[in-house]
Amino acid sequence: EAALAALRAARIPVVAVSGRAAGWCEDVALNWPVDAVVGENGACYMLREADGSLSVRCVQDEAERAANRRRLLNLAAEALRRVPRAELAHDLSERLADIAIDYAERVGPLDDREVADIVSVFHEGGAHAQPSSIHVNCWFGDFDKLTTTRLLMSERFGVDLDVEKAAWIYVGDAPNDAPMFGFFPHAVAVANFRRFAGQVKTLPAYLTDGERGAGFAEVAQAILDARGLRSG
C-alpha cells in the first residue's frame with residue numbers, strides 16, 4: 001500500500017486489474033489510492049467519483065449474468081466432483097458475473113494436474129477458465145482483463161490504449177494476466193509468476209526480483225526513480 005500511496009503522491013495514475021470478486025473491488029476502488037479497478041477478469045470496472053460515490057460498469061446485463069451464473073455453477077459441481085480437494089471460492093456471494101474455484105487460498109495448494117482438470121471441465125462446457133495465483137476464474141462472455149481495461153481507459157480517461165500502450169506498465173502474477181502480458185510492451189511479472197511461466201504462451205518483458213507485493217513495490221520504485229522522485 002505504501003507503493004500505491006507513493007505513486008498517487010507523484011500523480012502517476014494506477015488502475016488495479018484483478019480476478020477478484022466485485023465486492024473486493026468495491027473496497028479497493030473506494031479506499032485504496034488507485035484511480036479505478038477492473039474486476040472479475042474484466043466482467044466490470046469500478047471507480048470512485050469526485051463526490052465519493054462508487055460507479056460500477058458491467059459488460060453484461062443482470063439477466064445475462066444470472067443465466068451464466070446458473071450454467072457456471074452446474075459446471076462447478078462437475079469440477080468439484082472430478083477434483084474433490086477443490087472448493088468454491090469463499091467470495092462467491094460477492095461476485096457479479098464469474099465464479100472461482102479455490103485451489104490455493106483456503107485449500108491445497110492443489111497440484112498442476114488437479115488445476116488442469118478443473119480448467120478442462122469449464123472448457124468442455126464452453127466457458128473460459130484461467131488460473132490466478134489462488135483461484136481458477138471461470139466465466140461466459142467475450143471479455144477479459146484487456147478488453148475491459150481498454151473500455152475503462154477509453155470511457156473514463158480518454159485514453160486509446162492501442163495507441164498509447166507503450167506509455168503504460170502492467171504488473172501481473174498469474175496465467176489470467178496473459179492477455180495483458182501479450183499487449184503491453186512494458187509488461188512485468190512479479191517473481192512468484194515463475195511457477196506459471198510454462199502455462200502462458202506470451203511472457204512479460206520483465207520479471208521482478210521480489211514476489212507479490214514486494215515485486216510491485218520494486219516496479220513502483222523504478223518508476224519513481226526514472227522520474228527523479230523518491231518514495232516515502
Side-chain angles (χ1 to χ4, degrees), residues 1-69 89-100 132 135 137 139-174 176-177 179-180 183-184 186-188 213 216-217 219-220 223-224 227 229 231-232:
E1 192 168 349
L4 290 171
L7 293 172
R8 168 61 62 86
R11 300 181 181 274
I12 296 170
V14 177
V15 175
V17 183
S18 179
R20 282 287 193 176
W24 181 89
C25 295
E26 178 177 341
D27 177 62
V28 172
L30 289 175
N31 299 307
W32 289 28
V34 299
D35 294 275
V37 184
V38 174
E40 297 189 18
N41 284 291
C44 60
Y45 72 68
M46 302 181 184
L47 71 165
R48 183 178 178 177
E49 300 287 3
D51 64 2
S53 64
L54 179 73
S55 285
V56 180
R57 167 82 147 89
C58 293
V59 300
Q60 297 172 334
D61 63 30
E62 186 174 356
E64 186 176 10
R65 295 197 306 269
N68 287 340
R69 171 65 68 93
H90 70 93
D91 60 5
L92 179 64
S93 64
E94 299 179 9
R95 291 182 175 271
L96 291 174
D98 74 349
I99 68 167
S132 72
H135 296 158
N137 299 117
W139 71 95
F140 285 106
D142 295 325
F143 63 81
D144 58 23
K145 287 183 173 182
L146 178 58
T147 61
T148 303
T149 301
R150 274 194 180 113
L151 185 69
L152 163 69
M153 297 304 293
S154 174
E155 291 184 345
R156 299 307 305 256
F157 301 106
V159 172
D160 184 343
L161 278 181
D162 289 302
V163 175
E164 300 184 38
K165 60 185 176 182
W168 296 81
I169 294 173
Y170 182 75
V171 185
D173 70 346
N176 63 347
D177 293 303
M180 308 297 265
F183 179 78
F184 288 97
H186 302 304
V188 183
F216 177 80
V219 176
I223 295 169
L224 296 170
R227 295 193 175 196
L229 302 170
S231 62

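As the structure is a prediction and not an experimental result, all values here were calculated from the model.
Within a 6.0 Å sphere centred on CG of N31, heavy atoms belonging to other residues, nucleotides or ligands number more than 12. More than 12 heavy-atom neighbours from other residues, nucleotides or ligands sit within 6.0 angstrom of CD on E164.
Taking the side chain as every heavy atom from C-beta outward, D177 and V17 never approach each other to under 4.5 Å. Side-chain atoms of F216 and V188, non-hydrogen and from C-beta on, never get closer than 4.5 Å to each other. At least one side-chain heavy atom of H135 sits under 4.5 Å from a side-chain heavy atom of R20. Counting heavy atoms from C-beta outward, D91 and W24 have side chains that stay 4.5 Å or more apart. P13 places none of its side-chain heavy atoms less than 4.5 Å from the side chain of F157. Between K145 and Y170, the closest side-chain pair of non-hydrogen atoms falls below 4.5 Å.
Between A5 and P33, the shortest heavy-atom contact is N-CG, 3.8 Å. The two residues A43 and A97 make their nearest non-hydrogen contact at CB-CB, 3.5 Å. Considering all non-hydrogen atoms of both residues, P179 and N176 come closest at CD-O, 3.7 Å. Scanning all heavy atoms of the two residues, the minimum distance from R227 to I12 falls at NH1-CG1, 3.5 Å. Residues F183 and L161 approach most closely at CZ-O, 3.6 Å, considering heavy atoms. The shortest heavy-atom contact between G19 and N41 is CA-ND2, 3.5 Å.
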- Task: Give the C-alpha distance, both sets of side-chain angles, the deciding distance and a yes or no for side chain to side chain contact (heavy atoms under 4.5 Å, CB included) between L224 and L7.
- Result: CA-CA 8 Å; L224 296 170; L7 293 172; 4.3 Å; yes
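Although no hydrogens or angles enter the test, the distance criterion places a donor-acceptor pair under 3.5 Å between the side chain of R48 and the main chain of L30. Under the 3.5 Å distance criterion, the side-chain polar atoms of Q60 are matched with a main-chain donor or acceptor of F140. When atom types are taken as modelled, the side chain of E40 and the backbone of A22 share a donor-acceptor pair closer than 3.5 angstrom. The main-chain N or O of Y45 is never found under 3.5 Å from a side-chain atom of R57 such that the two would form a donor-acceptor pair. Within the 3.5 Å criterion, the main-chain N or O of V34 finds a donor-acceptor partner in the side chain of R8. At least one donor-acceptor pair closer than 3.5 Å links the side chain of D61 to the backbone N or O of E64. For the pair D35 (side chain) and V14 (backbone), a donor-acceptor distance under 3.5 Å is present. A donor-acceptor distance shorter than 3.5 angstrom exists from the side chain of R69 to the backbone of R95, with no hydrogens or angles considered.
Separating the OG1 atom in T148 from the CE atom in M153 is a distance of 13.0 Å, to the nearest 0.5 Å. A distance of 8.5 Å separates SG of C44 from CZ of R65, quoted to the nearest 0.5 Å. Between T149 atom OG1 and F184 atom CZ the span is 6.5 Å, to the nearest 0.5 Å.
For E49, the salt bridge (charged side-chain N to carboxylate O under 4.0 Å, His left out) partners are R156, not counting sequence neighbours. Under the rule for a salt bridge (charged side-chain N to carboxylate O under 4.0 Å, His left out), the partners of D162 that lie at least two apart in sequence or sit in another chain are R150.
Only one option out of I99, D98, D144 pairs with N137 in a side-chain contact (heavy atoms from CB on, under 4.5 Å); it is D98.
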